[in-house]
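Reckoned from all heavy atoms, side chains included, excluding hydrogens, waters and symmetry mates.
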Amino acid sequence: MIPDEGVVILIVAGALFAIGISSLIARGNLIKMVMGLEFLGKGVSLLFILGGYLSGTTGESQAVVFTLIAIEAVVAGLALALVILAKRVWKTFDIARIPRLPGGER
């Protein structure tokens with residue numbers, strides 16, 4: 001049986017994950033997509049911590065989450081660098097206004 005605070009954490013993690021998925025699916029703005037990716041990572045991190053708490057291996061789950069945070073930081077930095085490059089080249093954050101790469105269709 002999950003304790004009451006575990007249910008709350010599970011609901012918050014699910015909400016973060018749902019917000020992240022919906023912002024990735026909406027595909028309107030590059031910045032919103034990067035934020036959605038971060039929300040996804042934070043939701044998964046909460047689930048790892050909750051799983052470690054419930055199984056009694058909190059230390060191991062914290063080690064996994066610390067590694068996940070480091071990986072997320074690198075991914076976020078790279079994604080934001082690509083967003084800045086796209087803004088400089090095409091002068092927009094809107095995905096619909098960014099053209100396809102040349103030579104892709106035959």
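Judged as a side-chain hydrogen bond (donor to acceptor under 3.5 Å, both in side chains), not a single pair has a partner in residues 4-15 (not counting sequence neighbours).
I69 and V74 fall into different hydrophobic clusters, where Ile, Leu, Val, Met, Phe, Trp and Tyr are joined by side-chain heavy atoms under 4.5 Å apart, directly or via other members. Under the 4.5 Å side-chain heavy-atom criterion for grouping Ile, Leu, Val, Met, Phe, Trp and Tyr, V89 is not connected to L82 through any hydrophobic cluster. Taking hydrophobic clusters as Ile, Leu, Val, Met, Phe, Trp and Tyr residues chained together by side-chain heavy-atom distances below 4.5 Å, I95 does not share a cluster with L78.
P3 places a side-chain heavy atom less than 4.5 Å from the side chain of Y53. By the 4.5 Å heavy-atom criterion applied to side chains, R97 and W90 are not counted as neighbours. No side-chain heavy atom of T92 sits less than 4.5 Å from a side-chain heavy atom of K87.
Distance check, rounded to the nearest 0.5 Å: CZ of F48 to OG1 of T58 gives 14.0 Å. With values rounded to the nearest 0.5 angstrom, L54 atom CG is found 9.0 Å from L10 atom CG. Atom CG of L85 is separated from atom CG of L80 by 12.5 Å, given to the nearest 0.5 angstrom. A distance of 10.0 Å separates CD1 in I9 from CG in L47, rounded to the nearest 0.5 Å.
In this structure, the side-chain hydrogen bond (donor to acceptor under 3.5 Å, both in side chains) partners of S55, at least two apart in sequence or on a different chain, are T57.
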Give every donor-acceptor pair under 3.5 Å between a side-chain atom in residues 25-46 and any protein atom, sequence neighbours left out.
unit_1 : atom_1 : unit_2 : atom_2 : d
N29    : OD1    : I31    : N      : 3.1
K42    : NZ     : E72    : OE1    : 2.7
S45    : OG     : G41    : O      : 2.9

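S61 and G52 make their closest contact through OG-CA, 3.5 Å (heavy atoms, listed as atom of the first residue, atom of the second, distance).
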